[in-house]
Amino acid sequence: MSSSDSDGAPLSVKLAGSAAARRKAASRRAAASSSSSSLTADSSGSEEDNVPLAKRSRLTSLPKKKGGSSSSSSSESDQPLSAKVPASKRAAAARPAGGAARAAAQGRPAGARAANGNAKAAPAAKKPRVKKEPSDAAPASAAKAIADRKPLVKAESTATAASNGSEVSDEEYKWWLDHKDDGGPKWQTLEHCGVLFPPEYEPHGKPLGYKGAWITMPPEVEEVATFFAGVLGTDHAENKVFQANFFDDFTELLGKHMPGCPIKEFKHCDFSRIRAHLDEQTAKRKAMTKAEKEAAKKERQALEERYEFCILDGRREKVGNFRIEPPGLFRGRGAHPKTGRLKRRVLPEQVTINIGEGVRVPDPPPGHRWGEVQHDNTVTWLAMWKENINGNTKYVFLAAGSSLKGQSDMRKFDKARNLVHNIDAIRAQYTKDLKSEVMAERQRATALYLIDRFALRAGNEKGDDEADTVGCCSLRCEHIKLEPPNVVHFDFLGKDSIRYERTTEVDKQVWKNLRLFRRGPPKTSSDMLFDRLTTSSLNKHLQTLMPGLTAKVFRTFNASFVFQQQLRNTPSAGTEAEKILAYNRANREVAVLCNHQRAVSKGFQGQMTRIEDRLLMVRYQRKLLKDHLLEIAPELKKKHPELAEPEPLLTDKWIKEHLLATCELDREKARKKFERDNEKLKEAGEPPLPDDKLAEQIAAIDAREASIQDGSYVAEPGVAKNATTDKILEKIDKLGQRIANIEVDKIEKDENKTTALSTSKINYIDPRISIAWCKKYDVPLEKIFNKTLREKFTWALGVDSAWTF
DNA sequence: CAGAGAACTTAGGAAATTCAGT
DNA sequence: ACTGAATTTCCTAAGTTCTCTG
């Protein structure tokens, strides 16, 4: 691309574009506090001005979706609620499925949230309704009456539910057999019991140490100090940002509840007494008897029971996270600027309840009111509140196995599957666009290539008050290194601050483009790589290529597609274990593609060593057998030359150490057994065994140890004296099998060390692929999907073995 | 037309529970 | 039966996408 492809775009358009780019680049630089001058910023826009207006406008100003919402919303503020709200919703419901319908349906009338109108929506059947009431609308007596019934928990109590207008069906509703159009309301009727609040704080009275003094605190303060004591021993406690943020909020509390208190510096705080108390509590809990634990569990369940289900369109559905998040210290991931801040207790007054109209509103805790009660059936949440750290909204949704979640899950996979038919054309298109004269198009095509080939996320812009992580569109120059002729090295922090590091070959043109974007106008490493691209412009473009297509669909598509391909490596004639191994390998392939990582567990190295020891132990056994066999039948060496081969990795040093370690273990075992036996005898009222008996055994082991030390020890080969050579050969063969199995274990464990398979299994791989695979290879589904997964994917169970993604 | 907000999906780690080997 | 490992469940943070708003 050259600078000559300038066009006749009106100045205003050009300026608008480059101003935005400047801002973006400038903010980046500021954030990274790089030393760049304004020169960089000013020149960054210049190359840009070659964007033809026609193309630009096509990208940036797609025809607006016309729905009932936009026109009605302007006039609704002075209309009665009943008239305005259902109007737009109705319009949405009547519209055929598709983007426009969805847009309209989701357009929540602005007035609905703020207005407090009492007007009832016309209760016409099948019509979506939205109504808001003051939180104390439900009369307490009625509330009580309905609270006592248990329709939300047990199917047999349908009578009470029915009295409220809804029949609870206990029958499994196979929604996937219905051809339900999407885009309309999410439900017709909805009953639920609200949310469960965490228990009140129970003060323990343990003091905080400060410069040698022990200071007892009022409960409000103590609670927060205890939060910090709770993270001692984790990385958070050592994290300076975490400490500072915690202490800021803690100090504020001190000022409020303990004016004049001497606590001024974090470094002088001593949480040890509080920590000791927490450890004590943990120990106590651990020491409970089985019966006590069971009783506690029962009590907990009794408390939670009512919240676990709701009734949606007359059917019992599981609720997901019905618990209000307890207060604590915010545990932001990666280098989050707000990590450690106090996450405050949520009060009922801050909670909005969303529930069907005309059904009983759950009681708020005694002495409280709900913040708001609304009846919006265009959304799926049952309750909502705002969290104080980032101001994010937290929702109570249905569980993953519910019909609502299932439907959107199925839609997601169907959409990804639809991409199969379009992918060739889309790839051809962006490959062509890699050479576009228009910078924005070229960047878009290049980004799309990365998203498609390397499963990158879209990459929205992030604020300064969040961890600095990126996705494709927000990549900065510093995140890639280019190596001629076509190698790219990626190194950046993605979602959850998980590092994406990868060196790979790319299309030659892509490589050239990346070089161009990087150095085009003078850029510094903290400048955006794709300075003409945003996630929304990218997604807008994708919509034109396939309805409903967005950047994230590529991840789903590629994950499922690669998985299906990898499954072709399943050995049809193999054992079940081998088939499952192939399945897990395919799964792992996908997890690697999506960069699903996990921390190496702390016991990993030890576990690995143990597996290696187990392996060597079997090898040692095999060696003994082989030696023994060759000794009694040396002629076999000709026919079985492998008998003379040394066992790999098995050294004399290891053998000696292992044998000595065994002595130690055996002594310990003997002692334990001796004690146990005596314990039994005692209970039976019989005299204990003489101590000599133990001493005798120990002496034998000591002797063995000595012989190992001086090299005179001769190990038993582990077969009967009169065993035939065939028997021994068979045994050697069996040991070989065991060795192979352990080796596979070891490889799998090592490969799984940093790779998490679950995320791709739960979110990216179309379950129908797995189910079809099970049927084709005759593997029971339980071997690959646990109960949760089977429940989540019930909609997919019916596919046959020939189903393909 | 960027930025905020709403709603929903995706994510890894901790805690709880189950499993497997001795 | 006891342990330590593996798996499952819970938790909630961190993304994406789309709409609304000033």
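Proteins get letters first, then strands, A, B, ... in listed order; numbering begins at 1 in each. Just so you know, these numbers come straight off a predicted model, no measurement behind them.
A close approach under 4.0 Å does not occur between any side-chain nitrogen or oxygen of A/Lys338 and OP1 or OP2 of C/dA13. Note on A/Arg411: every side-chain N or O is 4.0 Å or more away from OP1 and OP2 of B/dT9. In this structure, A/Asn786 does not reach the C/dT7 phosphate: none of its side-chain N or O atoms is under 4.0 Å from OP1 or OP2. Residue A/Lys749 places at least one side-chain N or O closer than 4.0 Å to OP1 or OP2 of C/dA6. Close to B/dT9, at under 4.0 Å from its OP1 or OP2, lies no side-chain N or O of A/Tyr395. The shortest distance between the side-chain N/O atoms of A/Lys343 and the OP1/OP2 oxygens of C/dA13 is below 4.0 Å. For A/Gln543 and C/dC18, the shortest distance from a side-chain N or O to OP1 or OP2 is below 4.0 Å. Put simply, A/Asn460 has no side-chain N or O that comes within less than 4.0 Å of OP1 or OP2 on C/dG15. Between A/Lys540 and C/dT17, a side-chain N or O to OP1/OP2 separation shorter than 4.0 Å is absent. Proximity of A/Thr759 to the phosphate of B/dG12: a side-chain N or O atom is located under 4.0 Å from OP1 or OP2. Residue A/Arg457 places at least one side-chain N or O under 4.0 Å from the OP1 or OP2 atom of B/dA11. An OP1 or OP2 oxygen of B/dG13 is reached within less than 4.0 angstrom by no side-chain nitrogen or oxygen of A/Gln597. For C/dA13, the OP1/OP2 oxygens have no side-chain nitrogen or oxygen of A/His336 closer than 4.0 Å. Taking side-chain N and O atoms only, A/Ser408 has a distance below 4.0 Å to OP1 or OP2 of B/dT9.
Using a cutoff of 4.0 Å between basic side-chain nitrogens and carboxylate oxygens, A/Lys412 and A/Asp409 are scored as salt-bridged. Using a cut-off of 4.0 Å between Lys/Arg side-chain N and Asp/Glu carboxylate O, A/Glu304 and A/Arg323 are scored as salt-bridged. A salt bridge is defined here as a Lys NZ or Arg NE, NH1 or NH2 lying under 4.0 Å from an Asp or Glu carboxylate O, and A/Lys394 with A/Glu325 meets this definition.
Taking the six-membered ring where tryptophan is involved, the planes of A/Tyr307 and A/Phe322 are essentially parallel, since the angle between them stays under 30° and well short of 60°.
A/Gln597 and A/Asn595 are linked by a side-chain donor-acceptor pair at a separation below 3.5 angstrom, with hydrogens and angles left out of the test.
Among the nucleotides B/dA6, C/dG15, C/dT17, the one closest to the side chain of A/Lys495 is C/dG15.
Atom P of nucleotide C/dG4 and atom CD of A/Gln607 are separated by 12 Å, given to the nearest angstrom.
In the interface, the side chain of A/Lys552 is not paired with the base of C/dT17 through any donor and acceptor atom under 3.5 Å apart.
Residue A/Gly391 is out of contact with every strand shown, counting any heavy-atom pair closer than 4.0 Å. Nucleic acid contact for A/Arg598: sugar-phosphate only, since backbone atoms but no base atoms lie under 4.0 Å from a heavy atom of the residue.
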